[in-house]
Chemist: 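First the structure, then my questions, so here it is.
In what follows, chains are A, B, ... by sequence order, proteins preceding strands, each numbered from 1.
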Amino acid sequence: MPTSKSTESYSPLALTPKPELRPPQQTLPDPTTTMNVLEFFRQRFAQAIADESQRPAFADAVRPATDPKFGDYQANGSMAIAKAAKRNPRDIANEVAEAVNLEPMADKPELAGPGFLNVRLRNNQIESLLADLLKDDRLGIETPAIPKTVVVDYSSPNVAKPMHVGHIRSTIIGESLARTLAALGHHVIRDNHLGDWGAQFGMILWGYKNLLHNDAYETDPVHELARLYKAVQSQIKPAETYEETYQKAFQLLKAGKADEAETVASKISGPDGPDWADIQAQTAAAALIRDQARQETAKLHSGDSENRQLWGQFMPHCLKMLEDVYQRLDVRFDVQLGESFYDPMLADVVTDLQAKAIATNSEGATVCFCKATKAPMLVRKSDGAFTYATTDLATIRYRALRWNPDQVLYVVDHRQGDHFHQLFETAKTWGFDKVDFRHVAFGTILDQSGRPLKTREGDAVGLAGILDEAVQVARGVVDENSPELSPQERAQVAEIVGIGAVKYADLSQNRSSDYKFDLHKMMAMNGNTATYLQYAYARIQSILRKAETSEDALRTNTPPISLAHPAERALGMQILRLPETLEQATVEMKPNLVAEYLFELANRYSSFYSECPVLRADEPSIRQSRLALCAATSRLLRFGLNLLGIQVVERM
RNA sequence: GCGUUCAUAGCUCAGUAGGAUAGAGCGGCGGUUUCCUAAACCGCAGGCCGCAGGUUCGAAUCCUGCUGGACGCACCA
């Protein structure tokens with residue numbers, strides 16, 4: 001697997017890029033047949049509605065059945081039409097049932113309840129669609145008539161800081177969305193917008209100049225830089241903690257609440273009451289280092305040659321730190337352009353915004369007023385420094401010129417919602433109004449007690465440590481359950497299962513929910529987990545091996561598929577729902593829909609597995625049919641897990 | 001104060017452009033292995049969908065209010 005590649009240089013002085021417009025779009029002919037079953041029924045029902053204005057709504061009201069006893073799909077639009085037309089919904093449904101043509105997929109729908117139309121696919125149709133899907137290179141997924149160009153902005157860590165658990169969501173969700181969009185046939189650019197120009201470099205620079213262990217730096221610069229960052233951070237920390245507490249206590253004193261002030265102050269003091277002299281000294285010492293570190297940052301930004309040179313020296317090591325994690329997570333980017341890359345463009349961005357009267361001066365700063373929020377968006381501070389909003393605007397312009405994207409996804413923490421509202425509004429005013437900007441927000445990572453895991457409070461569990469631990473737990477299970485595998489194989493299985501568990505725990509949840517980080521749950525190797533899916537996959541491979549056949553063999557020479565047993569039919573139906581699931585997942589940008597689909601698929605396969613013997617089937621034709629079902633399931637599991645960034649193993 | 005968001009089984013969570021009897025995993029209880037990997041399968045118990053109104057044939061889903069939590073609100077990114 002290729003690891004993340006950096007196609008750009010890391011000079012902060014890198015200049016304006018070459019335009020690289022997107023490849024010419026091809027308009028593909030619409031396929032005459034569709035493998036998107038849901039879409040098929042939607043179109044057929046729409047055609048049966050006399051009033052054209054009602055068609056889209058009626059089509060949308062075609063859904064997978066809520067209960068198997070209602071069939072496979074249901075059309076619920078009759079009630080809505082009846083309301084508008086002030087007619088009896090059952091009469092409407094009757095008319096639709098008469099008019100609709102579901103050939104050859106299904107018979108006439110059945111009327112039920114207040115006006116539901118229930119559809120049941122014919123087995124011979126499912127059977128032939130399954131055979132088609134098994135043979136099809138694209139698993140029945142249609143290429144879009146007009147592929148979109150989509151920039152996915154995700155991961156975006158601050159370099160020089162070790163990645164911790166808080167970075168995992170953006171990285172994993174973004175990677176999954178990128179893979180899914182690409183699999184559907186869109187043109188995807190994966191862009192890692194690195195924080196490579198921020199205050200953390202001031203801290204490292206200060207650490208380098210004051211705390212460096214020379215030998216350690218010589219032998220392992222990556223490790224030493226990480227140590228320096230941590231050391232400086234812990235020395236600065238008291239300044240923030242104490243100042244915050246001071247301020248709160250002071251406010252309370254001012255409000256005449258001396259008792260409460262005392263309580264607050266006691267948090268940073270011993271049981272004998274606050275030792276103000278001591279606290280003050282600590283705070284002052286920490287604040288001094290903090291200020292000096294800030295000065296180092298300022299010097300870097302203003303072009304100080306020593307700091308620039310050191311920055312250039314640190315960067316490769318910082319990137320190496322990230323590289324290792326990305327490689328392990330099987331994440332790669334098309335471009336990694338950090339804040340430093342855009343730095344030379346910022347002055348021009350502000351000038352342009354001012355010239356177009358989008359930005360104005362206010363209280364000494366340059367700001368853009370927005371409808372989206374009360375507070376304006378700062379593009380230049382009163383001290384002349386630019387902000388991350390300026391960088392984001394420069395980035396938008398650069399991406400627009402280089403790729404001309406239809407859509408830009410920002411896979412970022414939901415707490416930045418206001419910022420993106422402002423940013424998108426300004427960008428559209430600025431002239432980028434054709435681009436569909438989307439903040440793909442996700443919930444906060446919480447600790448065990450339900451409180452947000454805070455980046456700056458230290459003690460955040462390192463990402464590498466999490467992965468190690470997951471792999472270790474997986475190794476224990478592998479060793480216990482599969483002693484027949486070689487140690488090398490067990491190690492490889494443990495790596496794939498462990499990492500998969502961590503990813504799946506995150507991706508199987510709705511991204512907008514807050515996410516309670518639970519190591520124990522993540523590493524459970526049963527239930528709704530990646531392991532369950534990987535296990536189902538491994539069992540299929542075992543059957544194929546024993547049958548001395550393969551996916552490829554069953555694809556080139558596909559036997560007739562027959563769905564006589566209910567478990568076979570249930571599995572077959574689920575297989576056919578892949579295209580509609582992926583469609584929905586990318587419309588809503590929700591990988592958990594893919595995860596849910598795969599869990600249901602594995603679930604139905606497991607039932608099939610226990611109820612329908614494959615190798616010991618009564619007749620050769622049944623055996624062949626079941627092998628084909630196994631091969632189709634196998635392809636889907638591997639493909640679907642790959643969309644989640646999760647790998648499979650042949651044995652486990 | 002303004003704004004955003006959340007509240008569903010003991011726990012962790014799905015489900016919201018309104019649809020039929022609200023689902024899953026874990027945990028609990030009970031079954032299944034002479035048979036393709038038991039990391040599995042099957043079953044049972046468990047709910048005032050935070051509270052109160054409203055909209056309508058129909059509300060976990062939409063509207064209003066309330067309660068409780070999280071987050072954001074001009075020079076950090």
Chemist: Check whether any side-chain heavy atom of V411(A) sits under 4.5 Å from a side-chain heavy atom of S170(A), and report yes or no.
Modeler: yes
Chemist: Using atom CG of L507(A) as one end and atom P of A14(B) as the other, report the distance to the nearest whole Å.
Modeler: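 Computing the L507(A):CG to A14(B):P distance gives 13 Å.
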Chemist: Locate the shortest heavy-atom distance separating I646(A) from Y504(A); write the atom from each residue and the value.
Modeler: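 Between these two residues, the closest heavy atoms are CD1-CB, 3.8 Å.
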Chemist: Looking only at non-hydrogen atoms, find the nearest pair between A494(A) and A474(A) and report the distance.
Modeler: O-CB, 3.5 Å
Chemist: Which is true for S513(A) with a 4.0 Å heavy-atom rule: it touches a base, it touches only sugar-phosphate, or it touches nothing?
Modeler: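 If one applies the 4.0 Å heavy-atom cut-off, S513(A) turns out to touch the sugar-phosphate alone, with no base involved.
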Chemist: Using the C1' atom as the reference point in each nucleotide, state the distance between C36(B) and C13(B) in Å, no decimals.
Modeler: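 Straight-line distance between the two C1' atoms is 34 Å.
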Chemist: Checking side chain to side chain contact (heavy atoms under 4.5 Å, CB included) between T426(A) and each of I358(A), D392(A), I396(A), which is the one that passes?
Modeler: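 So, applying the side chain to side chain contact (heavy atoms under 4.5 Å, CB included) to T426(A) and each of I358(A), D392(A), I396(A), only I358(A) qualifies.
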Chemist: Determine the Euclidean distance between corresponding C1' atoms of C49(B) and A9(B); express it in Å to zero decimal places.
Modeler: 10 Å
Chemist: Please tabulate, one pair per line, each protein N/O and nucleotide N/O from nucleotides 1-8 of chain B that are separated by under 3.5 Å, including the distance.
Modeler:
none

Chemist: Can you measure K521(A) atom NZ to A24(B) atom P for me and round it to whole angstrom units?
Modeler: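 After rounding, the reported distance stands at 16 Å.
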Chemist: Of all the choices, G18(B), A77(B), U12(B), which nucleotide is nearest to the side chain of Y388(A) once you look at every atom?
Modeler: A77(B)
Chemist: The side chain of A538(A) is closest to which nucleotide in this list: U37(B), A74(B), G19(B)?
Modeler: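 The answer is U37(B).
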Chemist: Pick the closest RNA chain B nucleotide for N510(A) and for N528(A) by heavy atoms, then say which residue is nearer the 5' end.
Modeler: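 Counting from the 5' end, the first nearest nucleotide belongs to N510(A).
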Chemist: Could you measure between the two P atoms, the one in G28(B) and the one in C57(B), and give it in whole Å?
Modeler: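 My reading of the P atoms in G28(B) and C57(B) gives 48 Å.
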Chemist: Just call it for Q534(A): base, sugar-phosphate, or nothing, with non-hydrogen atoms closer than 4.0 Å on any strand.
Modeler: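 Contact class for Q534(A): none.
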Chemist: Over all strands shown, is N88(A) touching base, sugar-phosphate only, or nothing at heavy-atom distances under 4.0 angstrom?
Modeler: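 Result for N88(A) = nothing.
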Chemist: Compare the minimum distances between each of U12(B), G25(B), A14(B) and the side chain of K516(A), then state the nucleotide with the smallest one.
Modeler: U12(B)
Chemist: My understanding is that only one of L353(A), T390(A), V350(A), V349(A) makes a side chain to side chain contact (heavy atoms under 4.5 Å, CB included) with R380(A); could you say which?
Modeler: V350(A)
Chemist: What string of B, S and - do you get for nucleotides 39-45 of chain B 5' to 3' if you count protein non-hydrogen atoms under 4.0 Å?
Modeler: BSSS---
Chemist: Check whether any side-chain heavy atom of L337(A) sits under 4.5 Å from a side-chain heavy atom of L194(A), and report yes or no.
Modeler: no
Chemist: Is the closest side-chain heavy-atom distance between E363(A) and S382(A) below 4.5 Å?
Modeler: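 Not touching, per the 4.5 Å side-chain cut-off.
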Chemist: Sequence neighbours left out, what pairs pass salt bridge (Lys or Arg N to Asp or Glu O under 4.0 Å) with at least one residue falling in residues 502-523 of chain A?
Modeler: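 For residues 502-523 of chain A: R169(A)-D506(A).
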Chemist: Using atom CG of L598(A) as one end and atom C1' of A14(B) as the other, report the distance to the nearest whole Å.
Modeler: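 Atom-to-atom, L598(A) to A14(B), this comes out as 15 Å.
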Chemist: Donor-acceptor pairs under 3.5 Å, side chain of residues 611-620 of chain A to any protein atom, not counting sequence neighbours: which ones?
Modeler:
none

Chemist: OP1 or OP2 of U37(B) less than 4.0 angstrom from a side-chain nitrogen or oxygen of S542(A), does that happen here?
Modeler: yes
Chemist: Please determine, for the side chain of F599(A), which listed nucleotide (G19(B), C73(B), A24(B)) has the closest atom?
Modeler: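 The answer is A24(B), which lies nearest to the side chain.
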Chemist: Which helical stems does RNA chain B take part in, if a stem means at least 3 consecutive Watson-Crick or G-U pairs with both distances below 3.5 Å?
Modeler: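 RNA chain B stems, ordered by first number: B:1-7 with B:67-73, B:10-13 with B:23-26, B:28-32 with B:40-44, B:50-54 with B:62-66.
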Chemist: If I take atom CD in residue E650(A) and atom C1' in nucleotide U37(B), what distance separates them, rounded to the nearest angstrom?
Modeler: 14 Å
Chemist: Between Q584(A) (CD) and A14(B) (C1'), how many Å, whole number?
Modeler: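 Distance check: Q584(A) CD to A14(B) C1' gives 14 Å.
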Chemist: Check whether any side-chain nitrogen or oxygen of K69(A) sits under 4.0 Å from OP1 or OP2 of A20(B), and answer yes or no.
Modeler: no
Chemist: Hey, does R380(A) reach any base, or is it just sugar-phosphate, or nothing, if we go heavy atoms under 4.0 Å?
Modeler: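 It contacts nothing in the nucleic acid.
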Chemist: What heavy-atom pair brings L423(A) and A389(A) nearest, and what distance separates the two atoms?
Modeler: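 Heavy-atom minimum between the residues: CD1-O, 4.1 Å.
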Chemist: In this structure, how many angstroms lie between the P atom of G25(B) and the CG atom of D518(A), rounded?
Modeler: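 The answer, rounded to whole Å, is 18 Å.
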Chemist: Between G1(B) and G47(B), how far apart are the P atoms? Round to whole Å, please.
Modeler: 37 Å
Chemist: Name the residue closer to the 5' end of RNA chain B, choosing between N592(A) and F608(A) according to the nucleotide with the nearest heavy atom.
Modeler: N592(A)
Chemist: Nearest of G15(B), G19(B), C36(B) to any side-chain atom of L615(A)?
Modeler: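 So the side chain of L615(A) is nearest to C36(B).
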Chemist: Nearest-Å distance, CE (M377(A)) to P (A77(B))?
Modeler: 13 Å
Chemist: Could you go through the side chain to side chain contact (heavy atoms under 4.5 Å, CB included) check for L300(A) and W197(A) one step at a time?
Modeler: CA-CA 9 Å; L300(A) 172 68; W197(A) 203 233; 4.0 Å; yes
Chemist: Work out how far the P atom of C44(B) is from that of G23(B), and round it to whole angstrom.
Modeler: 13 Å
Chemist: Which pair of heavy atoms, one from D196(A) and one from F201(A), lies closest together, and at what distance?
Modeler: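 Heavy atoms of D196(A) and F201(A) come nearest at O-CE1, 3.3 Å.
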Chemist: For a quick check of understanding: with a heavy-atom distance under 4.0 Å over all strands, which category does F70(A) fall into, base, sugar-phosphate or nothing?
Modeler: base
Chemist: Could you please name the option among A20(B), A74(B), G72(B) that lies closest to any side-chain atom of R415(A)?
Modeler: G72(B)
Chemist: Given the P atoms of A20(B) and U32(B), what is the spacing between them in whole Å?
Modeler: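 Straight-line distance between the two P atoms is 37 Å.
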Chemist: Looking only at the side chain of Q74(A) (C-beta and beyond, no hydrogens), which of the listed nucleotides C13(B), G18(B), G19(B) gets closest?
Modeler: G19(B)
Chemist: Under 4.0 angstrom, heavy atoms only, what part of the nucleic acid is C630(A) near: base, sugar-phosphate, or nothing?
Modeler: nothing
Chemist: When rounded to the nearest Å, what value does the distance between P atoms of G19(B) and G10(B) take?
Modeler: 25 Å
Chemist: If I pick the C1' atom on U67(B) and the same atom on C29(B), what distance separates them, to the nearest angstrom?
Modeler: 37 Å
Chemist: Taking the six-membered ring for Trp, are the ring centroids of F70(A) and F116(A) within less than 6.0 Å of each other?
Modeler: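 When the ring centroids of F70(A) and F116(A) are compared, they turn out to be at least 6.0 Å apart.
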Chemist: Give a yes or no on whether a donor-acceptor pair under 3.5 Å exists between the nucleobase atoms of A74(B), that is its base, and the side chain of S362(A).
Modeler: yes
Chemist: Under a 4.0 Å threshold between the charged nitrogen and the carboxylate oxygen, would R638(A) count as salt-bridged to E551(A)?
Modeler: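 A salt bridge links E551(A) with R638(A).
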Chemist: Counting heavy atoms from C-beta on, name the nucleotide in C35(B), A77(B), U21(B) closest to the side chain of R616(A).
Modeler: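 My answer, after comparing the listed nucleotides, is C35(B).
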Chemist: What are the residues of residues 55-68 of chain A, sorted by number, that bring a heavy atom to within less than 4.0 Å of RNA chain B?
Modeler: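 Heavy-atom contacts with RNA chain B come from D60(A), R63(A), T66(A).
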Chemist: Ring centroid separation for H193(A) and Y410(A), is it under 6.0 angstrom?
Modeler: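 No, ring centres 6.0 Å or more apart.
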Chemist: For the rings on F608(A) and Y605(A), is their centre-to-centre separation under 6.0 Å?
Modeler: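 Yes, they do, as the ring centres are separated by less than 6.0 Å.
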Chemist: So does E580(A) pair up with R63(A), basic N to acidic O under 4.0 Å?
Modeler: no
Chemist: Are F420(A) and R438(A) side-chain neighbours, meaning at least one heavy-atom pair lies under 4.5 Å?
Modeler: no
Chemist: Ignoring hydrogens and angles, answer whether the base of A14(B) and the side-chain atoms of E596(A) contain a donor-acceptor pair closer than 3.5 Å.
Modeler: no
